[in-house]
Protein chains: 2
Amino acid sequence: MSSAREEILQATTALLEKQGSHATGLNEIIRESGAPKGSLYYYFPEGKDQLVSEAVLAAGQGVAARIRANLADIGLAAFILRIAENVESSGFAAGSPLTAVAMETATTNERINLACREAYGLLVTAFQDYLQTNGVEPGRALEQATFITAAIEGGIILSRTYHTADPLRTVAGQLGLLRFGVF
Amino acid sequence: MSSAREEILQATTALLEKQGSHATGLNEIIRESGAPKGSLYYYFPEGKDQLVSEAVLAAGQGVAARIRANLADIGLAAFILRIAENVESSGFAAGSPLTAVAMETATTNERINLACREAYGLLVTAFQDYLQTNGVEPGRALEQATFITAAIEGGIILSRTYHTADPLRTVAGQLGLLRFGVF
DNA sequence: GTCTATATGCAGATAGAC
DNA sequence: GTCTATCTGCATATAGAC
């Protein structure tokens, strides 16, 4: 696997997370990634749309993998508290690599919008599988997974805006009270 | 009151809602607003940051006013369903004038970030007041209001991304089950 | 695979006429 | 209050050398 390609994707994800798509320039991506400047259009010949779409999808896969790796072990509330810690320790520059891009492009860039759908789908399905494993029937699990995803996304927005992990902790507490999958 | 100034603010809000701050150009704002081109820097001498900050704050005031005007009458679930209809009827171009801007600027533009905090504060307080009126004690009301705000924001993100009001309807249903302020 | 140079366009902002 | 002209800078993208 090309390491330059991976470095470009990772730098792109971090910048999308921090400031969205339109504010992120290709020069900035190259600078942050440390990858060779000439390699950007070599690895991503279709330009920025391709790069952003792939970064969004890779980010969704990464988050879904973390859900699957940790949620069953520690439970939902603790999982969200872990997100809160990550948001905080990033100086509120990270948290949800999808939100800003999804909102910017929902009706203005079809290719990236489709990537966002696919990425969010991975998250929702990961939560849904967890709930079904805990005995929730599929339809109900999808609704609850959608709700959980929405609440976490919203908590990230508020925490990043206010530069405090409190809103995410509140979301963890309130969702924790619901004991999804238990009753 | 100057009508050109108001038209510029309203056009700005709509564009911020649709595509965020960085993707929105001053020329685009003038074109959409129908306001005289020469008046932008006359009414907003500090430039784009001032314009966006004022638009964000005005949007927050507008949303808070709608919460106060309708929530007590129709209840939380119906209120969210009304949001879902608005998002749908805008062709998923509208819904939350704050989210995209808040995420783009959380750590990259202090002035706009402060405007976002103020605006979100207005929403949370409006929900909190509603809950307290229904007998929830203040601390608990703040937590529930934060949770409600987060869940709605997240629902808007998912609905706009998927071009369907379903996620917001799910949020309405799930939050409705909780009967905040009732027990 | 990676480089530099460059094409083209639009961004935000300012000056000064009217 | 509103206009046009213009400054400066950066954006994405491409061409072509190495």
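Chain letters run A, B, ... following the sequence lines, proteins first and then strands; every chain starts at 1.
If you take CD of B:Gln50 and P of C:dG12, they are 15 Å apart, rounded to a whole angstrom. Rounding to whole angstrom units, OH of residue B:Tyr42 and C1' of C:dA17 are separated by 17 Å. Atom CG in A:Leu40 sits about 15 Å away from atom C1' in C:dT4, given to the nearest Å. Remark: P of C:dA13 and CD1 of B:Ile29 are 11 Å apart, rounded to the nearest angstrom. When rounded to the nearest whole Å, the span between CG of A:Leu26 and C1' of D:dT12 equals 6 Å. Between the CD1 atom of A:Ile30 and the P atom of D:dA11 there is a distance of 13 Å, given to the nearest Å. Between the CD atom of B:Glu28 and the C1' atom of C:dC10 there is a distance of 12 Å, rounded to whole Å. Rounded to an integer number of Å, the gap from CZ of B:Arg31 to C1' of C:dG12 is 15 Å.
Mapping A:Pro45 and A:Ala23 onto DNA chain D by nearest heavy atom places A:Ala23 closer to the 5' end of the strand.
Closest contact between the side chain of B:Ala4 and the listed nucleotides C:dT4, D:dT4, D:dT2 involves D:dT2. Checked against D:dT14, D:dC3, C:dA13, the side chain of A:Tyr41 finds its nearest nucleotide in D:dT14. If you check D:dT2, D:dA13, C:dT14 against the side chain of B:Pro36, the one that comes closest is D:dT2. Comparing atom distances between the A:Lys48 side chain and each of D:dT12, C:dA13, D:dG1 picks out D:dT12 as nearest.
Linking ILVMFWY residues whenever their side-chain heavy atoms come closer than 4.5 Å, directly or via other members, leaves B:Leu131 and B:Val124 in distinct clusters. B:Val171 and B:Leu76 end up in the same hydrophobic cluster when Ile, Leu, Val, Met, Phe, Trp and Tyr side chains are linked at under 4.5 Å.
An OP1 or OP2 oxygen of D:dT12 is reached within less than 4.0 angstrom by no side-chain nitrogen or oxygen of A:Asn27.
B:Tyr43 comes within 4.0 angstrom of sugar-phosphate atoms only, judged by non-hydrogen atoms across all strands, and of no base.
A salt bridge (charged side-chain N to carboxylate O under 4.0 Å, His left out) with A:Arg111 is found for one member of A:Glu118, A:Glu54, A:Glu46 and no other, namely A:Glu46.
Between A:Phe92 and A:His163, the angle of the ring planes stays under 30°, which puts this pair in the parallel group of the 30/60° scheme.
Open room surrounds CD on B:Glu110; 12 or fewer heavy atoms of other groups in view lie less than 6.0 Å from it.
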